[in-house]
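Remarks on the structure that follows.
Naming: A, B, ... by sequence-line order, numbering from 1 per chain.
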Amino acid sequence: MSQENNSKAAMMQQRDPERDERYNAQRVEAKWAERWQSDPQLYAADPADSAKKKFYVLEMLPYPSGALHMGHVRNYSIGDALARYMWMNGYNVLHPMGWDSFGLPAENAAIQNRTPPREWTLGNIARMKAQMNRIGFAYDWSREVTTCLPEYYRWNQWFFLKLYERGLAYRKKSLVNWCPKCCTVLANEQVVDGRCWRHEDTLVEQRELEQWFLRITKYADELLRDLDELGGWPEKVRTMQRNWIGRSEGTLIDFKLDYAEPHKGFGPAGATIKVFTTRVDTIYGATSVQLAPQHPIVADLAASNADLRAKVDQLIAEQRNAREAGDIGEIEKHGVFTGRYAINPFNQEKVPIWVANYILMDYGTGAIMSVPAHDDRDYDFAKKYKLEIRLVVLPISNDPEETVTEPVLPYIGHDGMLVNSGPYSGLECIEAIKKMSAFAEQNGFGKATVTYRIKDWGISRQRYWGTPIPMLYCDKDGIVAVPEKDLPVILPENVDITLAGGSPLGRVPEFVNATCPKCGGPARRETDTMDTFVDSSWYFYRYTDAHDDRAPFDSKTAQYWFGERGIDQYIGGVEHAILHLIYSRFWTKFMRDLGLITNDEPVERLFTQGMVIKDGAKMSKSLGNIVSPDEMVARYGADAARLYSLFAAPPDRDLDWQDSGIEGIQRFLGRVYRFVVRNAGAADSSRAGANLSPEERQVRRKLHQTIKRVSDDFQGRWHFNTCISAIMELVNELYAHEEKLAGKESSSALLAEVQRDLILLLAPFAPYLANELWEMIGEKGTLLKAPWPKYDAELAKEEELEIPVQINGKLRSRIIVPANSSEEYVMNQALADEKVRAVISGKQIVKKIYVGGKLVNLVVR
RNA sequence: GCCGGGAUGGCGAAAUUGGCAGACGCAGCGGACUUAAAAUCCGCAGGCCCGAAAGGGCUGUGGGGGUUCGAUUCCCCCUCCCGGCACCA
């Protein structure tokens with residue numbers, strides 16, 4: 001510790017101790033929260049005819065569970081900082097919030113606490129809204145959307161009718177996913193590794209039920225193709241959606257059942273097995289047909305064959321077990337020969353029909369042709385059951401001398417040439433696929449086709465707390481849509497909710513019994529409700545015109561806010577990559593085809609923030625590592641909580657919450673506060689600061705460097721952690737020079753400028769403190785829309801540079817040179833440096849490298 | 001198996017185009033202020049070694065190799081962690 005440091009510290013201490021008060025975040029934040037809430041227009045977007053450029057920033061709306069968690073705080077702090085930054089840059093910002101408020105938890109709460117779902121939900125919304133306001137998020141509450149209210153869900157019903165009119169909503173009996181805990185059907189997207197997305201310990205059952213489906217597959221191709229246009233989305237999400245859509249080009253081929261043998265009588269005469277293959281070129285190598293154990297023909301065969309039935313049931317059980325274990329990909333292949341044959345339509349050859357546990361009924365046609373020589377799985381299977389392996393493709397080598405005639409099997413490559421394939425021998429695979437598909441089509445036993453992994457969206461839920469599906473069943477007229485004028489179909493209240501026994505609505509006679517709009521006779525109402533993902537598929541359009549009671553929204557208004565490319569910035573968790581984000585893309589395309597909007601995609605730029613974890617694990621009640629936002633706000637203040645959630649990690653990475661870290665942020669906020677308190681009076685921008693001292697120039701330089709760093713990050717990579725570090729460095733710089741600036745008259749203009757810009761820089765991240773200080777320095781207007789500070793490249797330039805000098809790539813010395821020094825000057829200084837001379841003495845300089853303004857490297861021998 | 005992301009001090013992290021590794025913060029240590037503590041302010045701080053100190057040397061970004069005057073950054077191989085997809089025919 002030097003003498004100088006001691007005296008400096010003493011000086012700081014002496015300066016104006018009375019004004020050196022502690023920052024009382026609770027008091028200041030309470031004051032501003034009240035002021036902000038008393039002005040409902042504060043965060044309201046300008047009307048859609050505004051001349052300003054629009055910016056629509058949106059965070060995914062929460063489910064009103066009753067309390068915010070730290071993941072919400074992080075998500076909303078990112079969006080809020082961006083919204084505030086855009087306001088300060090003069091944009092017309094739309095920053096709304098709402099509630100995804102239908103769903104099962106409300107029903108469970110109703111059963112446990114005897115509280116009606118509506119009451120429970122609206123109470124939670126009020127609590128969470130109060131939390132959001134306390135944290136200071138800048139939402140335009142005049143546009144609040146609550147999906148469980150009839151004002152909103154009537155438009156779900158309206159959309160359903162439009163979908164139905166266009167054949168995009170239909171009713172179908174099929175195997176569907178049933179969660180025994182939710183007591184309802186789930187969409188494919190809501191089943192993860194064979195388990196319910198809400199109950200990870202619960203296996204989903206397959207039940208055959210009649211359900212409503214939305215024809216998302218009609219848009220499968222467009223959903224896939226447009227992913228290429230979504231350059232503002234994370235590659236990860238685009239890949240996940242590509243995988244989920246799972247487009248696969250191939251050929252359907254009919255194998256006729258063989259009746260030549262004595263075992264006539266299986267299947268109707270002329271029945272065929274339709275197989276899907278991407279490699280029709282290998283069909284001359286097909287040595288068996290493999291059926292999924294659930295295939296209808298298998299059921300026919302097994303009906304009169306108890307032994308086969310038992311074996312097939314065994315295969316089904318194996319498949320289910322593998323699915324339950326989450327490793328259907330690892331299943332040990334088993335199969336059973338049915339004793340029957342099918343005819344290969346290309347060469348009229350008889351091939352045995354097998355049933356195998358690795359064939360999935362829900363992909364393709366549930367039947368394949370097995371080509372052991374050219375498919376891994378078929379090869380394994382054929383080896384195990386000693387089926388014929390027949391080579392039909394040879395790899396093509398560039399060098400004809402090296403042509404392989406006995407490739408290692410299975411040979412999977414597409415880049416080959418057909419052999420043993422009748423008239424197609426000699427063709428290359430790609431060519432053969434085209435010709436053979438065309439041949440099959442011309443002869444009526446097949447056609448080129450495209451298969452998708454994605455299935456139509458099953459939206460029926462046997463639950464109470466959701467949007468009633470606006471359909472009726474009449475004995476005379478069958479399925480009848482509720483007329484548009486009769487919407488909304490109101491969800492009745494005071495319903496006795498139980499989980500078992502089907503939809504609770506089925507036990508409400510006033511609801512069920514209706515009149516058929518066609519014949520006037522009695523009709524039954526549909527008692528299932530819609531999947532809650534319907535609600536969130538279009539909610540962001542409703543924000544643009546939240547109180548419209550004649551349409552879901554006004555098209556012109558929506559077009560202003562969505563433009564041609566959608567929401568400017570959408571922020572949320574990656575867990576919705578193939579749920580909400582694929583459904584809402586589908587819904588947008590449908591609304592476009594209805595003529596409501598002109599954009600093809602709902603979201604131009606998507607940001608997926610990382611999780612908030614603690615002690616290396618996701619926060620959860622069972623681990624006891626939950627951090628409560630309320631507690632953080634009470635202990636450290638809302639500014640500290642949101643600033644820390646941005647500072648601790650880049651926003652796209654997981655954030656490891658540390659209580660000691662937020663204490664550091666609290667200290668930083670106090671440091672800013674004390675500095676401005678001490679200097680608010682001394683600073684006077686009216687006094688010109690002409691001849692600045694080196695310290696003054698240094699402080700101003702740091703200011704402009706900081707403005708640049710923070711602005712650049714908002715424009716580009718969003719590493720708010722380094723933005724906040726930069727602001728901390730600026731504050732450290734101010735402290736380092738404080739005593740030299742504070743006393744001097746000429747410094748006061750500079751001080752005023754720096755303080756003002758510092759407050760502006762903090763405003764998007766710590767709005768409470770920023771507003772308090774804004775007022776303290778005597779500014780009048782609202783900080784929310786104060787112009788963002790401008791960066792001046794001249795003022796940010798360093799006057800002197802410290803140039804590291806390396807010798808053979810190793811750092812040996814540093815020299816200080818004027819910023820505008822020539823290469824020659826820098827090199828001479830480097831060579832003249834004592835330490836450098838000591839190292840290179842007696843050696844020969846082979847090469848001199850100067851990287852402008854950055855470094856010198858001398859290569860010596 | 002395939003496709004992403006990641007691995008840097010005691011901890012969270014930074015290094016934006018191949019150019020001083022560890023900014024900023026936490027925890028730690030020392031000092032000032034205080035009767036004392038808290039708060040605050042000032043400093044030190046990757047590791048190992050030499051030195052009383054000033055200072056100096058070596059080493060260091062998961063591991064191994066390569067390109068380069070120079071690699072956390074580019075290339076090849078490998079290990080581990082996280083996420084997604086998976087007999088998809």
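Using a cutoff of 4.0 Å between basic side-chain nitrogens and carboxylate oxygens, A:R837 and A:E834 are not scored as salt-bridged. With salt bridges taken as basic N to acidic carboxylate O contacts below 4.0 Å, one links A:D228 and A:R242.
Rounded to whole Å, the separation between the P atoms of B:rA36 and B:rC44 comes to 26 Å. Spacing of P atoms, B:rU73 relative to B:rU17, comes out at 14 Å, to the nearest Å. If you take atom P in B:rA52 and the same atom in B:rU16, they sit 41 Å apart, rounded to whole Å.
Between the C1' atom of B:rU40 and the CD atom of A:Q666 lies a distance of 13 Å, rounded to the nearest Å. Spacing between atom CG of A:D652 and atom P of B:rG6 amounts to 8 Å, rounded to whole angstrom units. Following rounding to the nearest Å, A:F607 (CZ) and B:rG5 (C1') show an atom-to-atom distance of 13 Å. The interatomic distance linking A:F675 (CZ) with B:rU40 (C1') rounds to 16 Å, in whole Å. Atom pair A:K848:NZ and B:rC69:P shows a separation of 18 Å (rounding to whole Å applied). Note: CG (A:D380) to P (B:rG1) measures 15 Å, nearest angstrom. The CE-P distance, from A:M611 to B:rC82, rounds to 11 Å in whole Å.
Residue A:R812 places at least one side-chain N or O under 4.0 Å from the OP1 or OP2 atom of B:rG57. Taking only side-chain nitrogens and oxygens, A:R242 never comes nearer than 4.0 Å to OP1 or OP2 of B:rG4. Between A:R667 and B:rA27 there is a side-chain N or O to OP1 or OP2 distance below 4.0 Å.
Donor-acceptor pairing under 3.5 Å, judged by distance alone, is absent between the side chain of A:N243 and the base of B:rC85. Residue A:K847 places no side-chain atom within donor-acceptor reach of the base of B:rC69, judged by atom type and a 3.5 Å distance cut-off alone.
Within 4.0 Å of A:E235, counting heavy atoms only, lies no atom of the nucleic acid at all. Among the atoms of the strands shown, none is found under 4.0 Å from any heavy atom of A:K708.
For an aromatic pair to be called close, the ring centres must be under 6.0 Å apart, and A:W354 with A:F381 satisfies this.
Under a cut-off of 6.0 angstrom, the local environment of NZ in A:K333 is crowded, with over 12 non-hydrogen atoms contributed by other residues, nucleotides or ligands.
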